[in-house]
Amino acid sequence: MAIANLYRPSPPLGPDGRPIIRKVLVANRGEIACRVIATCKILSVSSVAIYVREDEFSRHVSEADEAICIGSVASAEVNPFLNIKLLIDTAFSVGAQAIHPGYGYLSENASFANAVRQAGLIFIGPSSEAMSTLGDKRTSKEYLGLHAPEVPLIPGFSGSSQDAAELAAAAERIGYPVMLKASAGGGGKGMRIVREAGQLGSELERAQSEAKRSFGSSDCILEKYIAEAKHVEIQIMGDQHGKVISLGERDCSIQRRHQKVIEETPCLWLTADLRRRMSGAAVQIGMLMAYEGAGTVEFVVDVIEAKFYFLEVNCRLQVEHPVTEEVTGFDLVSLQLYVAAGGRLADVANLATFQPKGHAIECRLCAEDPNRDFFPEHGTIRLWQPSDSALEEDCTRYETAVTTGSEVSIYFDSMIAKLVVWAPSRSEAVEKMVKVLQKLVCIGVRTNQLFLQSCLLHGDFQNPAYTTSFIPQRLQTLMQNPNATSKNADLENHMNLIPCLFTRLQRSSLRASGGSFRNIRKGFRNQRLDLVGVQSDVVSAHSVHLASAESEPPQPNICIWSHLGEHEYIAYLTPLPSVPDVQQTKCESSAAKVTAAYNTFSNTIRSGEYRSTSPFTMTLNSNETQQRRNRSTSWTTSILDITINGTKHTVYIAATSSSSTDTASPTTLLIHHPTNLGTWTTYSVFSPLAYFESLRSNDVAEGISSRQIKAPMPCKVLQVLKKVGDEVKVGEAVIVIESMKMEISITATAEGKFECALAVGDTVEEGKELCNIV
């Protein structure tokens with residue numbers, strides 16, 4: 001349901017008759033800041049956002065009542081979001097009574113919670129004692145072993161040593177595979193599965209490095225890895241009067257690299273008895289520590305033995321809390337504020353007797369490219385538009401801080417939105433989420449949008465018994481387009497025609513406003529009687545989203561226009577004639593080769609061979625175009641409604657600012673077709689001369705050695721794994737970089753000797769050289 005329709009208790013009042021919490025500083029950013037701000041607005045609590053210069057256009061900045069810049073991530077010695085003194089000083093400067101930490105950053109930092117309270121402010125979260133005891137995986141297990149031995153723990157190494165040899169001995173006793181985990185924090189950071197003894201040393205280094213950067217502590221623990229397991233967590237809420245309640249479970253077993261991807265509630269695999277015992281254990285843990293606020297007790301469930309084991313406690317609001325809100329009807333953020341101000345949970349209507357209703361699913365939309373090993377992505381979101389139906393319904397939520405024109409920065413986590421749906425049953429919720437994902441328009445930055453659809457539509461996901469191995473065991477299948485059907489051949493033709501028509505419309509619009517030279521095309525190729533130059537385009541798709549994994553990459557096509565009316569258009573579409581190679585043309589130079597190829601192309605068009613195929617008739621129904629601009633660039637967006645051979649299409653387009661010109665460069669269009677593609681695809685539309693000029697440029701570029709490895713994004717060098725002169729093989733890891741809070745291994749693209757001039761700690765811009773293989 002919409003946040004506004006969730007139940008919220010009235011804020012506790014102070015002796016003066018006014019709410020105890022009247023202004024909240026949100027010590028976080030992005031979508032969780034927006035979520036906290038939304039509840040504050042409904043409760044008439046003033047909200048204060050903090051932001052850094054790299055994030056100044058985020059929605060949380062504009063949605064808050066006040067917004068304070070706290071510096072820059074890039075230039076500060078300490079990340080401003082981790083600067084305890086700065087955050088507390090900012091809270092005092094704006095007159096806030098309380099600080100909400102969100103999740104991540106300092107949300108589970110006991111020193112921060114202490115400092116906030118010692119300063120006389122309200123920390124919206126548990127006590128520092130609870131954080132210190134339960135928020136650390138090692139200390140929480142030691143505590144439960146002493147005070148609640150009936151709570152089952154995963155077999156593991158109970159010592160605190162970080163010595164590789166000692167941990168290796170412990171792993172032998174436990175038995176491989178084992179799991180290394182950062183003792184502090186969560187979110188999949190600092191976690192490594194070790195399947196054999198030879199991997200332990202290197203994986204320990206990686207886990208400790210990531211843990212240190214993510215949580216400020218390199219301390220890791222060692223546990224038995226349970227392969228056939230579900231990850232199930234219990235949402236608890238406690239107050240200052242000793243009351244702790246369970247708000248039900250969440251199934252978080254759909255994970256990639258130990259990070260949650262899809263969450264749902266209820267977990268239909270659980271029996272009533274298992275659910276009761278897990279909830280009881282979670283409440284017992286909370287009661288032991290007199291837990292206050294929102295918390296999550298996480299368990300690993302062995303699906304073979306039907307046994308559960310304590311995993312950890314997240315002493316904060318979870319990313320996936322909205323699914324619990326959807327089935328319970330309670331606003332968890334409001335309950336956080338309520339208990340932080342001293343409210344009693346026993347006084348909250350229906351809290352003790354509520355029954356969960358229906359089924360809720362959350363998908364995490366991340367800026368990452370599944371086709372590049374899920375490398376994090378950054379850049380400008382050219383068009384952001386949730387589906388119209390989702391905006392109208394009461395059972396779909398978009399939790400995000402992005403909008404059209406937002407920059408996805410390398411300085412922040414790759415998750416850009418959470419999509420949440422509710423339905424009466426699980427099957428209905430799955431189908432609804434698929435539709436929401438298909439219709440969501442997020443053009444400009446690659447995301448896991450299509451991958452999420454593949455997960456939801458996979459046959460094994462329909463069985464709630466899936467485990468945390470769901471993605472790794474099915475990755476190859478999940479990488480295929482779930483929307484590929486026998487109709488895709490027609491769709492592919494239609495999708496090649498749409499960018500050509502849009503480009504022609506843009507050119508016509510420009511000429512109509514071009515004054516005395518409105519009939520002369522840009523580039524002075526005013527060959528009005530030349531069919532090749534005036535009435536044909538070359539279109540090329542750059543992404544393979546239309547076909548299955550077995551299909552060939554898309555080839556360029558020629559669009560030949562036979563009628564260009566005001567609203568009616570007729571065009572032929574034919575594959576680009578094969579380009580003769582150097583031996584066939586007897587040409588040695590790149591220029592001569594491309595010239596011969598162009599002559600072959602032009603002769604084919606002028607001969608009229610394409611008329612042997614049936615033409616396509618297009619009717620333009622509407623074209624809602626808008627010019628966009630941010631700090632760095634400008635572009636055009638459009639919602640284009642068109643009928644092609646009787647089939648109606650509504651597509652969303654973002655085109656580069658050059659889309660209305662006819663120069664040597666192509667028009668680049670990013671096009672989202674909601675129901676048939678489920679994501680966006682890049683198309684380039686060339687004039688014929690421009691296309692063959694581009695071939696010549698590409699031919700020259702091919703002479704540059706592919707042995708040069710460039711940075712896929714702005715990054716920092718964490719490790720150089722090889723020495724200069726070392727022999728390396730294809731696929732061998734040579735460098736480890738960090739970007740968007742993720743570690744990424746860079747592998748060799750060729751066999752040879754390793755050359756690198758970089759050192760650990762160096763920053764590298766996107767496209768700059770990392771190393772060479774010679």
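- Contact record, Ala367 with Ile416: CB-CG2, 4.2 Å, taken as the closest heavy-atom pair.
- You'll find the side chain of Ile361 stays beyond 4.5 Å of the side chain of Val420, heavy atoms only.
- For Asp373, the salt bridge (charged side-chain N to carboxylate O under 4.0 Å, His left out) criterion is met by Arg257, not counting sequence neighbours.
- The minimum heavy-atom distance between Ala229 and Thr467, with the atom names listed, is O-CB, 3.0 Å.
- Taken from CE in Met179 to CZ in Arg195, the straight-line distance is 9.0 Å, to the nearest 0.5 Å.
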How far apart are the C-alpha atoms of Asn371 and Met479, what are their side-chain angles, what is the distance that settles it, and do they pass the side chain to side chain contact (heavy atoms under 4.5 Å, CB included) test?
CA-CA 8 Å; Asn371 292 316; Met479 292 299 294; 3.5 Å; yes
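- No side-chain donor-acceptor contact under 3.5 Å links Glu298 to the backbone of Leu311.
- Residues Leu180 and Val194 meet the side-chain proximity criterion, which asks for heavy atoms closer than 4.5 Å.
- Taking both residues in full, the closest heavy atoms of Ser253 and His231 are given as OG-N, 2.8 Å, listed atom of the first, atom of the second, then distance.
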Between Ser246 and Gln235, does a side-chain hydrogen bond (donor to acceptor under 3.5 Å, both in side chains) hold up when you go through it step by step?
CA-CA 6 Å; Ser246 166; Gln235 175 71 60; over 6 Å; no
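- Heavy-atom neighbours of Glu765 CD from other residues, nucleotides or ligands within 6.0 Å: at or below the threshold of 12.
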Where do Gln318 and Arg316 land on the side-chain hydrogen bond (donor to acceptor under 3.5 Å, both in side chains) test, with the steps shown first?
CA-CA 6 Å; Gln318 288 279 80; Arg316 53 173 168 79; 2.6 Å; yes
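- Judged by distance alone, with hydrogens and angles left aside, the side-chain atoms of Tyr291 form a donor-acceptor pair with the main-chain N or O of Ala294 at under 3.5 Å.
- Checking side-chain atoms of Lys230 against main-chain N and O of Pro464 turns up a donor-acceptor pair under 3.5 Å.
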Assess the residue pair Glu727 and Lys722 against the criterion (salt bridge (charged side-chain N to carboxylate O under 4.0 Å, His left out)); give the C-alpha distance rounded to whole Å, side-chain angles, the decisive distance to 0.1 Å, and a yes or no.
CA-CA 9 Å; Glu727 293 287 340; Lys722 300 295 180 181; over 6 Å; no
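- Looking at heavy atoms from C-beta onward, Thr296 lies out of side-chain contact with Ile234 at the 4.5 angstrom threshold.
- Counting only distance, with no hydrogens or angles, the side chain of Ser140 and the backbone of Gly135 share no donor-acceptor pair below 3.5 Å.
- Smallest separation of non-hydrogen atoms from Ile285 and Phe310: CD1-CD1, 3.7 Å.
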Apply the test salt bridge (charged side-chain N to carboxylate O under 4.0 Å, His left out) to residues Arg173 and Glu166: give CA-CA distance (whole Å), side-chain angles for both, the deciding distance (0.1 Å), then the verdict.
CA-CA 11 Å; Arg173 292 193 300 270; Glu166 194 168 343; over 6 Å; no
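- Note that the SG atom of Cys756 and the CG atom of Asp762 stand 8.5 Å from one another [nearest 0.5 Å].
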Compile the donor-acceptor pairs under 3.5 Å between side chains in residues 265-274 and protein atoms, sequence neighbours left out, one pair per line.
residue : atom : partner : partner atom : Å
Thr265  : OG1  : Glu249  : O            : 2.4
Thr271  : OG1  : Leu274  : N            : 3.1
Asp273  : OD1  : Arg276  : NH2          : 2.5
Asp273  : OD2  : Arg277  : NE           : 3.0

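- At distances below 3.5 Å, at least one donor-acceptor pair connects side-chain atoms of Ser202 with backbone N or O atoms of Gln199.
- Side-chain N or O atoms of Asp369 include none that pairs as donor or acceptor with a backbone N or O of Arg446 at under 3.5 Å.
- Salt bridge absent: Lys753 and Asp726 never bring a charged side-chain N and a carboxylate O closer than 4.0 Å.
- Rounding to the nearest 0.5 angstrom, the gap separating the CD atom in Glu233 from the CD atom in Glu312 is 9.0 Å.
- Partners of Glu320 under the salt bridge (charged side-chain N to carboxylate O under 4.0 Å, His left out) rule, at least two apart in sequence or in another chain, are Lys260, Arg364.
- The two residues Gln255 and Cys252 make their nearest non-hydrogen contact at NE2-O, 2.8 Å.
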Could you walk me through whether Glu769 and Lys710 pass the salt bridge (charged side-chain N to carboxylate O under 4.0 Å, His left out) check?
CA-CA 4 Å; Glu769 180 182 303; Lys710 297 181 178 181; over 6 Å; no
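- With a 4.5 Å cut-off on side-chain heavy atoms, Phe754 and Val774 do not count as touching.
- Distance check: Phe299 CZ to Lys307 NZ gives 16.0 Å after rounding to the nearest 0.5 Å.
- Tyr466 and Phe461 have their aromatic ring centers within a separation under 6.0 angstrom.
- More than 12 heavy atoms of other residues, nucleotides or ligands sit less than 6.0 Å from atom NZ of Lys418.
- The side-chain tip of Arg29 does not point at the ring of Tyr51 from less than 6.0 angstrom away and within 45° of straight on.
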Take His258 and Arg192, measure what side chain to side chain contact (heavy atoms under 4.5 Å, CB included) needs, and give me the verdict at the end.
CA-CA 8 Å; His258 317 300; Arg192 296 289 188 279; 5.9 Å; no
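- Shortest non-hydrogen contact noted between Leu222 and Ala171 is CD2-N, 3.7 Å.
- Side-chain contact of Thr749 with Arg707: a donor-acceptor pair under 3.5 Å is absent, judged by distance alone.
- Within the model, atoms CZ of Arg256 and CG of Leu478 stand 11.5 Å from one another, a figure rounded to the nearest 0.5 Å.
- Between Tyr176 and Tyr225, the ring center distance fails the sub-6.0 Å criterion.
- Applying side chain to side chain contact (heavy atoms under 4.5 Å, CB included) to Ser128 and the options Asn114, Val116, Asn109 leaves one that passes, Asn114.
- Aromatic pair Phe123/His100: ring centres not closer than 6.0 Å.
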Given the rule in the side chain to side chain contact (heavy atoms under 4.5 Å, CB included) test, do Cys771 and Leu758 qualify, once you have shown the distances and angles that lead to the verdict?
CA-CA 8 Å; Cys771 62; Leu758 298 175; over 6 Å; no
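- Between Val52 and Phe81, the closest side-chain pair of non-hydrogen atoms falls below 4.5 Å.
- Atom CD in Glu766 sits 4.0 Å away from atom NE2 in His378 (nearest 0.5 Å).
- Using a distance-only test at 3.5 Å, with no hydrogens or angles considered, no donor-acceptor pair links the side chain of Asn314 to the main chain of Leu317.
- A donor-acceptor pair under 3.5 Å is formed between the side chain of Ser107 and the backbone N or O of Gly104.
- Between Glu54 and Phe412, some side-chain heavy-atom pair lies under the 4.5 Å cut-off.
- Looking only at side-chain heavy atoms (C-beta outward), Val283 and Ile245 stay at 4.5 Å or farther from each other.
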Should Met278 and Val232 be marked as a side chain to side chain contact (heavy atoms under 4.5 Å, CB included) after you check the CA-CA gap, both sets of side-chain angles, and the distance that decides it?
CA-CA 9 Å; Met278 292 174 68; Val232 181; 3.8 Å; yes
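- Looking only at side-chain heavy atoms (C-beta outward), Leu106 and Ser111 stay at 4.5 Å or farther from each other.
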